[in-house]
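Reading through the structure tokens given below for one structure.
We use all heavy atoms of the structure for the numbers below, so side chains are in, but hydrogens, waters and symmetry mates are not.
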Amino acid sequence: MSSLEQIRTALADTVRDYVNANDEESGTLYCYPYVKGTVNLPCMMVMPGGGGRDNRAGDFTMAMNRGTELWSFQLLVLCSRTDEDSGQQQLDRFIDKEGELSVRQAIWNKGDLGLGDVDAMVTGVSEYHGQYDMVRVPHVGAALQVKVHVF
């Protein structure tokens, strides 16, 4: 059964591989399996917890004897806010349902994240902000909600 560490790394790798292979023109999407204090932009960070009122990261009640787990994550996608419109336009492309920069498309195309014993799906956007302040550098960002079933 895949571990939490393996799932976080696979989420970051799956998105990085898809987006960076498809869009050489816009540069690189930096994908981090952990939340970082300092990041290169644009970036995506994997954070356990579903966001909203039910911020539970893991649900282990689905089967007895540790047979199935359900993990909830937020994929924090951050873009530069040096120009408000272009940052939000880039962010929109990252969270759109499909396209060369779509995080959702990346996970849809490779739902097992290369692990074989998981099924991942983007279920929604819990936040979209015109400003995230990380290390006193303004960003625009969104939090995509992801559910990962581990079998």
Side-chain angles (χ1 to χ4, degrees), residues 1-81 87 90-129 132-135 137 139-151:
M1 182 181 292
S2 293
S3 69
L4 178 58
E5 178 181 10
Q6 290 170 319
I7 295 167
R8 289 176 81 156
T9 299
L11 280 166
D13 290 347
T14 296
V15 172
R16 178 189 309 109
D17 293 347
Y18 176 81
V19 171
N20 292 346
N22 285 328
D23 195 39
E24 297 173 13
E25 183 178 309
S26 293
T28 300
L29 176 66
Y30 298 93
C31 296
Y32 303 103
Y34 299 97
V35 177
K36 302 285 188 179
T38 303
V39 296
N40 294 310
L41 296 177
C43 76
M44 184 203 74
M45 296 178 284
V46 180
M47 183 174 75
R53 291 186 346 214
D54 181 15
N55 197 30
R56 184 172 25 175
D59 182 353
F60 310 128
T61 62
M62 298 181 67
M64 295 188 163
N65 200 21
R66 300 184 314 170
T68 302
E69 299 174 348
L70 175 63
W71 289 100
S72 298
F73 296 94
Q74 291 187 73
L75 303 183
L76 304 175
V77 182
L78 302 175
C79 297
S80 176
R81 192 170 183 251
Q90 185 179 40
L91 179 61
D92 290 349
R93 291 179 67 200
F94 284 128
I95 67 171
D96 207 355
K97 67 180 174 184
E98 61 187 5
E100 293 179 343
L101 294 181
S102 173
V103 172
R104 292 171 59 192
Q105 184 73 52
I107 293 172
W108 176 261
N109 288 356
K110 194 174 178 183
D112 74 348
L113 307 176
L115 297 173
D117 65 345
V118 304
D119 184 29
M121 180 180 186
V122 177
T123 61
V125 177
S126 61
E127 299 179 36
Y128 188 111
H129 294 283
Y132 271 98
D133 284 323
M134 182 177 284
V135 294
V137 178
H139 305 78
V140 294
L144 291 170
Q145 298 169 306
V146 175
K147 301 284 185 192
V148 179
H149 291 265
V150 184
F151 307 102

As an exercise, state the distance from [atom1] of [X] to [atom2] of [Y], rounded to the nearest 0.5 Å.
| X | Y | atom1 | atom2 | answer |
| --- | --- | --- | --- | --- |
| R81 | L41 | CZ | CG | 13.0 Å |
| N40 | Y32 | CG | OH | 4.0 Å |
| H139 | S80 | NE2 | OG | 7.5 Å |
| Q145 | E127 | CD | CD | 9.0 Å |
| R16 | M44 | CZ | CE | 8.0 Å |

Please give me the minimum heavy-atom distance between [X] and [Y], naming the atom from each residue.
| X | Y | result |
| --- | --- | --- |
| C31 | A12 | CB-O, 3.4 Å |
| M1 | T68 | CE-N, 4.4 Å |
| Y18 | S102 | CE2-O, 3.6 Å |
| D117 | S2 | OD1-OG, 2.5 Å |
| V122 | R104 | CG1-CG, 3.6 Å |
| W71 | G58 | CE3-CA, 3.8 Å |

Is there a side-chain contact between [X] and [Y], using heavy atoms and a 4.5 Å cut-off?
| X | Y | answer |
| --- | --- | --- |
| R8 | P48 | yes |
| D119 | F151 | yes |
| L101 | L29 | no |
| V77 | Y128 | no |
| I7 | F73 | yes |

Would you please test L78 and Y30 for side-chain contact (heavy atoms from CB on, under 4.5 Å) and show each step? CA-CA 10 Å; L78 302 175; Y30 298 93; over 6 Å; no

Do the charged groups of D96 and R93 touch, with an N to O distance under 4.0 Å? no

side-chain contact (heavy atoms from CB on, under 4.5 Å), that's the test. Do T123 and V146 meet it? Break it down for me. CA-CA 6 Å; T123 61; V146 175; over 6 Å; no

May I have the list of side-chain donor-acceptor pairs in residues 107-114 shorter than 3.5 Å, sequence neighbours left out?
| unit_1 | atom_1 | unit_2 | atom_2 | d |
| --- | --- | --- | --- | --- |
| N109 | OD1 | Q105 | NE2 | 2.7 |
| D112 | OD1 | G114 | N | 2.9 |

